[in-house]
Amino acid sequence: VGPSTADEVAAVLRACDQAGVAVVPQGGNTGLVGGGVPRGGEVVLSTTRLKHVGQLDKSTGQVWAGAGVTLAVLQAEVAKHGLDAGLDF
């Protein structure tokens with residue numbers, strides 16, 4: 001499933017809980033250990049559509065970013081304010 005909001009994620013999780021079905025969250029598929037790979041009929045919850053980047057709080061240097069926001073997008077957004085995301089892979 002590919003939710004695009006936190007409310008949609010919550011609805012999927014409620015439905016899976018009620019049905020007794022396991023959920024595997026899946027992001028960019030960059031993990032080396034296979035943590036986002038379904039192994040036995042689980043529902044795959046893709047985070048790729050959760051791409052909202054919130055407004056930057058300049059006083060704290062914080063910004064809210066959805067689970068599907070790539071590092072490149074985040075870095076480009078904060079660079080507009082003369083900042084850099086403190087992450088590098």
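Only heavy atoms go into these numbers, but all of them, side chains included; no hydrogens, no water, no symmetry mates. Bear in mind the structure is a predicted one, so any value in this text is a computation, not a measurement.
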From D84 CG over to Q75 CD, what is the distance, rounded to the nearest 0.5 angstrom? 5.5 Å

Heavy-atom pair with the smallest gap, counting every atom of V78 and V63: CG1-CG1, 4.1 Å

Contact list for residues 56-82, test salt bridge (charged side-chain N to carboxylate O under 4.0 Å, His left out), sequence neighbours left out: E77-K80

Is there a chain of hydrophobic side chains (I, L, V, M, F, W, Y, each step under 4.5 Å between heavy atoms) that links V23 to V1? yes

My understanding is that a hydrophobic cluster links ILVMFWY residues whose side chain heavy atoms are under 4.5 Å apart, including indirect links. Using that, what else belongs to the cluster containing W64? none

Between the side chain of Q62 and the main-chain N/O of T60, is any donor-acceptor distance below 3.5 Å? no

Would you indicate whether the side-chain heavy atoms of V24 and V43 approach each other to under 4.5 Å? no

Do any N or O atoms from the side chain of T47 and from the backbone of L50 form a donor-acceptor pair under 3.5 angstrom? no

How close do T48 and G27 get, heavy atom to heavy atom, and via which atoms? CG2-O, 4.2 Å

With a 3.5 Å distance limit and no angle check, can you tell me whether R49 reaches the backbone of G2 through a side-chain donor-acceptor pair? yes

Could you pull out the closest heavy-atom pair between P3 and S46, with the gap in Å? CD-O, 3.5 Å

Check residues 6-22 and write down every donor-acceptor pair under 3.5 Å in which the side-chain atom is one partner and the other belongs to a residue at least two apart or another chain.
| residue | atom | partner | partner atom | Å |
| --- | --- | --- | --- | --- |
| E8 | OE1 | S4 | N | 2.6 |
| E8 | OE1 | S4 | OG | 3.2 |

